[in-house]
Structure formats: structure tokens, C-alpha cells
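A short worksheet on the structure shown next.
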Amino acid sequence: MERLEKQFYEQPTLELAEQLLGKIFVHILPGNIRLTGRIVETEAYLSHQDEASHAWRGRTTRNQIMFRKPGTIYIYFTYGCHYMLNIVSEPEHCAGAVLVRAMEPLEGLLFMQEQRGTSVMTNLMSGPGKLARALAIDGNCNGQDLFGKEFFLENAPPLPKEMIATSTRVGISKSRELPWRKFIRNNPHVSKGKVT
DNA sequence: AGCGTGATCTTT
DNA sequence: AAGATCACGCTG
């Protein structure tokens, strides 16, 4: 399947959060090892309209990558041990982003199992911290983009509307009521937040 | 249900 | 300079 190009990432953040479901995330390791997963859960983060977004008060040292061109990868470190993978959306300087919260592991399973210390498939990438670890993503990836040799997305047929579920976001205290989490209904690889 | 772990942001 | 918070995951 072909790679997704620039215009795919330029859509409004909420639409991109839905469109990303089902797409294949690819990380190529040195030695041409493919680590890949199918995105099954996302969350939208806007900028100034969204109190829970890192960008809601404007540009800082940490969030500056969110202001870059769509398709850029924004990684940050939290709780002293986890890296979070975000994909920048909207036109440049708007600072929208989509948090990738869960994937279904596809290729590189042995590597992922070693990274994660488990071989239970539904536990490899069923959460944002877990998937970053499984895909060998850390702070060095911050600011890279999805148009190079190392990271990109592969296309997949759009999902039927009835397979897409919506809920409030998880793990935040501000703007809790916003229904900006998107996930594939009844998929066993979504995080242990809320299921329907 | 409780806590580790460290960067970042807010308040003094 | 100090304190609070955190887009989490693991043990128990």
C-alpha cells in the first residue's frame, strides 16, 4: 500500500484523529528491520481552544514541535518513564496534534516482545507509553517527520463509519468532557480506558 | 488503589 | 528556588 503524503496530515485535527484509525505506522530500524503497527486508538489535541493541550498557552521549549508542519512527529516524556507519540496536524503554526494511543502489532514482533518484556499480543501496544517502547521511539525522534526513510504511514482502506467509536479522553484532568478520543470498536488492542 | 520517576510549568 | 502536575504502567 502507498505511503500517505503531506495533504493527508493537513486536515482538521478531529478528522485526522478518525482518519488515522486503520492506517499502518512504520518505523525502519538500522539493518532495514520493519517495526509496524495498525493504529486502533487516537486522541485529538487542539491548541488554544483546548486547555488539555500542551500548546494552549502558546509556544514553549517543550511544545515548539507542535507548531511545525503537519506530518511532523512530536514526542514528549512524562511520568518519569514514558514517551508519547503525537502526529502534528492542521496547517503549519496551528499546533494541533493527534496522540496515538494504541496499535495492533504487525511486524517486528520479536523485537517488540523483547522491548516490552511480554509476549502477550494485546499487551504490546495497548497504551501510548507501551507503543512508544515497543516501536523504539524516544526523545531522539522528536521533530522528525513522516516523509523520510525512517518513519512513515502506509495507507489502508477507510473504515466503515460503524466501526469507529468515540469517547472522552483518558488520563487528563482539564477539559475532560470533550469527546475527542477515537478508537476501533471492539478491537482487543485498544488501551484499558473505556471500551465502548 | 497506590506509587515510581523526572521533565516542565507555575508560583513564590 | 520550590512546589505541583503530568495525554502512564505496573504491582498488589
Side-chain angles (χ1 to χ4, degrees), chain A residues 9 12-21 23 25 37 39-68 70-90 94-105 112-144 146 165-184 187-195:
Chain A
Y9 303 97
T13 307
L14 262 138
E15 288 177 33
L16 182 63
E18 279 197 21
Q19 294 286 320
L20 282 169
L21 296 175
K23 302 297 190 277
F25 184 92
I39 300 175
V40 301
E41 178 182 347
T42 60
E43 277 177 4
Y45 286 85
L46 271 52
S47 52
H48 54 279
Q49 308 97 310
D50 180 6
E51 252 191 304
S53 170
H54 288 176
W56 86 284
R57 283 209 203 258
R59 188 189 290 259
T60 67
T61 324
R62 176 175 67 166
N63 69 21
Q64 52 174 317
I65 300 299
M66 294 180 77
F67 292 81
R68 291 227 197 139
T72 302
I73 291 178
Y74 169 49
I75 311 289
Y76 70 91
F77 182 70
T78 191
Y79 289 105
C81 35
H82 305 296
Y83 292 97
M84 303 285 120
L85 166 65
N86 297 257
I87 298 174
V88 176
S89 60
E90 313 267 357
C94 291
V98 175
L99 170 68
V100 181
R101 286 194 54 87
M103 296 189 203
E104 170 184 347
M112 294 180 185
Q113 289 170 5
E114 189 159 334
Q115 287 288 299
R116 291 276 303 113
T118 177
S119 55
V120 180
M121 291 297 284
T122 53
N123 195 24
L124 288 182
M125 304 181 87
S126 52
K130 297 178 185 180
L131 73 85
R133 183 66 192 266
L135 289 168
I137 287 172
D138 62 19
N140 294 326
C141 311
N142 190 27
Q144 302 211 44
L146 294 168
T166 295
S167 81
T168 54
R169 296 178 290 188
V170 334
I172 54 170
S173 57
K174 293 174 272 191
S175 304
R176 301 198 56 138
E177 71 287 358
L178 298 171
W180 288 356
R181 172 176 179 246
K182 305 287 176 180
F183 58 102
I184 299 181
N187 185 288
H189 299 92
V190 303
S191 69
K192 314 287 182 224
K194 307 149 193 172
V195 184

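- Taken from CD in A:Glu51 to OG in A:Ser173, the straight-line distance is 9.0 Å, to the nearest 0.5 Å.
- With hydrogens and angles left out, the side-chain atoms of A:Thr13 and A:Glu90 include a donor and acceptor closer than 3.5 Å.
- Atom CZ of residue A:Phe77 and atom CZ of residue A:Arg62 lie 12.0 Å apart, to the nearest 0.5 angstrom.
- Screening A:Asn63, A:Leu85, A:Asn86 for a side chain to side chain contact (heavy atoms under 4.5 Å, CB included) with A:Tyr76, the sole residue that qualifies is A:Asn86.
- Atom CE of residue A:Met125 and atom NE2 of residue A:His189 lie 9.5 Å apart, to the nearest 0.5 angstrom.
- Interatomic distance, A:Lys130 NZ to A:Met112 CE, rounded to the nearest 0.5 Å: 14.0 Å.
- Heavy atoms of A:Thr61 sit nowhere under 4.0 angstrom from any nucleic acid atom.
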>> Base contacts versus sugar-phosphate-only contacts with protein, heavy atoms under 4.0 Å: please encode nucleotides 4-9 of chain C as B, S and - from 5' to 3'.
In response: --BBBS
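- Counted by atom type alone, A:Thr168 and A:Arg176 present zero donor-acceptor pairs between their side chains at under 3.5 Å.
- Every residue two or more places apart in sequence or in another chain that forms a salt bridge (charged side-chain N to carboxylate O under 4.0 Å, His left out) with A:Lys182 is listed here: A:Glu18.
- Remark: DNA chain B takes part in the stems B:1-4 with C:8-11, B:6-11 with C:1-6, each of 3 or more antiparallel Watson-Crick or G-U pairs, criterion distances under 3.5 Å.
- Atom CZ in A:Arg57 sits roughly 18 Å away from atom P in B:dT8 (whole-Å rounding).
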